[in-house]
Amino acid sequence: METILIPSQGSLTNYRDLLLTQDVMAIDTETTGLDVFTSQLRLLQIATYNSPVFVIDLFKVSIEDQQIIKKIMKLNNTKIFQNAKFDLKFLYHNGYTVEGILFDTMIAGQLLRSNSGPYRVNLAELSKFYLGKELNKEEQKSDFSGELTNSQLQYAAKDAHILLELREAMQSDLRKAKLEKIAAIEFSCIYAIADMELTGMKIDEQLLSAYTLQIKKQVQQYHETLDSFVINKVVQQTFFGIEQSHSINFNSQKQILTLLNENDIFIDDTSQASLASYANHPLIIALKNYRKAYKLYGSFLQPLPKDINNLTGRIHASYSQIGASSGRMSCRKPNMQQVPRDKKFREMFVPDKGNCFIIADYSQVELRIAAEIANDPRMIKAYKDNKDLHKLTASLITNSPISEITKEQRQSAKAVNFGLIFGMGSRGLMNYSKDTYGINITLEQADQFRNEYFKAYTGIKKWHNNFKSNPPTSAKSITGRRYFYRDTTGFSSFCNTPVQGSAADILKIALGNLYKKIKDSNVHIVAVIHDEIIIECKEEIAKQTKKTLQNVMENAGISFLSNVPLVADIEIASNWAEK
DNA sequence: TCAGTTCGCGCG
DNA sequence: AAAGCGCGCGAACTGA
């Protein structure tokens, strides 16, 4: 492997034509740290098939060469990265716009991962597994902020160079496994995700601190209420000796259980399901209130300030593109996918001045997909006719006309639809009804519900029966994403995984297509929550952007769903709560 | 003492 | 035979 160090061994201007005519290039970067806002982009390595690897020191590169790099990055060719999101964020943040078709070896590794495949998808592991080559990882964590050693430069070049070979091996495996479609989908939305993380989401800090204070008080209040139920004051042994405590730890399930016993409540654990049997007991009510308030305070409000970036004043959450085995994304620091629905929480998330949000989510996308996959005639017809499936289900299980279905009945049917399709049993249904709606039904009634349900939805019933008689060892989503089940995987997972995964596939198609339409404008994706996309743009272009988003989302399933239409509910909003 | 696990619960 | 699924996070708990 030959290398050319820029600028010490020459200028890119000497290789201009060569570089600008490459159909395929592998790209890697070295940075002084992991955080794009506080670290610097130091090295850019470009490997191609018919030239040495260019290792460019961006601290020292000339203006002319910077211009050439910009042109290279904008080439509409195939660009190979290992974890492209990381490099893309740094490149964009440093003024290098990247275009072209991506091939991400990390994402490919995750898609190809099987029972026999590598569990980890770092470059060394992929190289070992797909090429049988050991990669020295010694230099990976080295410091790239000062003078660079020869070996640092060599390893940097090697990391880019190996990607060319790796892509060939992985592409062939993707083809063999019929994973090319889903790979193209995953690759297409990396740009969107990188842009989303870089853009971040603004939070109104004054609202945050005011609300934090308010909930903190609430926690104290409920704590005092709980205190009043404590009969035997607890003596706590601490590291420093014995301390008389006037209270018990209400976060401790063990201590809570003791407290419940003292108040003549005898249950096995303190989960919501167990508490439900005593739903009207003042102690249980107090406990539920306390837990709710404490959860809001401890899990969301109190830790949130540390996730606000000092430099941008925004929240730049970190998404894991294939975070769930189903194919869904996951999100952390903070997890934007679990921000409470309470108005007070979501209204803290706001666009910049002069901007607005456009918030869109798919209407019942998983049920639509289940209808398609299970090929259920009644469900398909309902969706084709744009009927309300929840009302239909309510009508079927209560044996009353759709026109007489109450709001509450529809709401319950919603849970029934989701629960029963994904394998919930009668007992589960009974508990769910009790926990969620406070509706006490007997096991027999739940059983009756279930029977009526499957009498109505014959396709779903057949689909289920097939899993029962022939438990699968693997499965695929509508785009061909693969699932390999363990021996312990059960019936409900067979029902759920391909449906949840197909919904994720469709959302990712939408993301990829959306990015193509907005990349050259000042429109940015700021959050994605499973079936929901939030974008931020100037108020003046809100209406047309809304149209774009809606079209992209509703058309995303066209090549994979032939029997059910997709519907996106969409709103222009001045904060996240307005939906 | 501390890393790893479990519970409970927020979201879809 | 019976069975909703997928995450991340904080706090408590466990085990060596």
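Throughout, protein chains are lettered first and strands after them, A, B, ... in sequence-line order, and every chain is numbered starting at 1. For the numbers below, each heavy atom of this structure counts, side chains included, while hydrogens, waters and symmetry mates do not.
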- prompt: Does a nitrogen or oxygen in the side chain of A/Asn249 sit under 4.0 Å from OP1 or OP2 of C/dA12?
  reply: yes
Distance below 4.0 Å between A/Ser252 side-chain N/O and C/dC13 OP1 or OP2: yes
task: Going by the side-chain hydrogen bond (donor to acceptor under 3.5 Å, both in side chains) test, name the single residue among A/Lys85, A/Lys508, A/Glu186 that passes it with A/Gln321.
output: A/Glu186
statement: Ranking B/dG8, B/dC11, C/dG4 by distance to the side chain of A/Asp342, first place goes to B/dC11
message: Strictly below 4.0 Å: does A/Gln338 bring a side-chain N or O up to OP1 or OP2 of B/dC9?
response: no
- prompt: Does A/Thr497 place a side-chain N or O at less than 4.0 Å from the phosphate oxygens OP1/OP2 of C/dC5?
  reply: no
- prompt: Charged N to carboxylate O under 4.0 angstrom, A/Glu366 versus A/Arg328?
  reply: yes
query: Within the structure shown, what part of the strands sits under 4.0 Å from A/Ser320 by heavy-atom distance: base, sugar-phosphate, or nothing?
result: nothing
task: Under the side chain to side chain donor-acceptor pair (under 3.5 Å) rule, what do A/Asp227 and A/Tyr222 come out as? Steps first, then yes or no, please.
output: CA-CA 8 Å; A/Asp227 265 338; A/Tyr222 290 130; over 6 Å; no
- prompt: Which one, B/dG8, C/dC9, C/dC7, comes nearest to the side chain of A/Gln253?
  reply: B/dG8
- prompt: NA contact type, A/Val339, heavy-atom cut-off 4.0 Å: base, sugar-phosphate, or nothing?
  reply: sugar-phosphate
query: What do you reckon, is NZ of A/Lys407 surrounded by more than 12 foreign heavy atoms closer than 6.0 Å?
result: no
message: Using a strict threshold of under 4.0 Å (side-chain N to carboxylate O), is an ion pair present between A/Asp569 and A/Lys579?
response: no
task: Mark yes or no for a side-chain to base donor-acceptor pair under 3.5 Å between A/Arg328 and B/dG12, with no hydrogen or angle criteria applied.
output: yes
message: What's the closest nucleotide to the side chain of A/Lys295 if the choices are B/dG8, C/dA3, B/dG12?
response: B/dG8
- request: Could you tell me whether A/Cys495 contacts a base, only the sugar-phosphate backbone, or nothing, with contacts defined as non-hydrogen atoms closer than 4.0 Å?
  value: nothing
- request: Rounded off to whole Å, could you give me the CZ-to-P distance for the A/Phe454 and C/dA3 pair?
  value: 12 Å
- prompt: Are OP1 or OP2 of C/dG10 and a side-chain N or O of A/Ser299 less than 4.0 angstrom apart?
  reply: no
task: Identify the two heavy atoms, one from A/Leu420 and one from A/His464, that lie closest to each other, and give their separation to 0.1 Å.
output: O-CE1, 3.1 Å
- prompt: Is the distance from OP1 or OP2 of C/dA2 to the nearest side-chain N or O of A/Arg427 less than 4.0 Å?
  reply: no
query: With a distance cut-off below 6.0 Å to the six-membered ring centre and an angular limit of 45° from the axis, does A/Lys476 pair with A/Tyr483 as a cation-pi contact?
result: no
query: Taking OP1 and OP2 of B/dG8, is either one under 4.0 Å from a side-chain nitrogen or oxygen of A/Tyr294?
result: no
query: What's the closest nucleotide to the A/Arg291 side chain, out of B/dC9, C/dA3, C/dG4?
result: B/dC9
query: For the side chain of A/Gln500 and the base of C/dC5, is some donor closer than 3.5 Å to an acceptor across the two?
result: yes
- prompt: For C/dA3, does OP1 or OP2 lie under 4.0 Å from any side-chain N or O of A/Thr489?
  reply: no
message: Just to be sure I understand the geometry, which residues of residues 569-579 of chain A put a non-hydrogen atom under 4.0 Å away from DNA chain C?
response: none
- prompt: Does the side chain of A/Arg341 get closer than 4.0 angstrom to OP1 or OP2 of B/dG12 through an N or O atom?
  reply: yes
- prompt: Between A/Ala510 and A/Tyr362, which heavy-atom pair has the shortest distance, and what is it?
  reply: CB-OH, 3.8 Å
message: Main chain of A/Asn496, side chain of A/Gln500: is a donor-acceptor contact present, judged purely on distance under 3.5 Å?
response: no
task: Evaluate the side chain to side chain donor-acceptor pair (under 3.5 Å) criterion for residues A/Gln364 and A/Tyr383: first the C-alpha distance (whole Å), next the side-chain angles of each, then the deciding distance (0.1 Å), finally the verdict.
output: CA-CA 10 Å; A/Gln364 300 161 27; A/Tyr383 281 124; 2.7 Å; yes
query: Under a cut-off of 3.5 Å for both distances of each Watson-Crick or G-U pair, what dot-bracket string does DNA chain C give, using [ ] for crossing pairs and | for inter-strand pairs?
result: ....||||||||||||
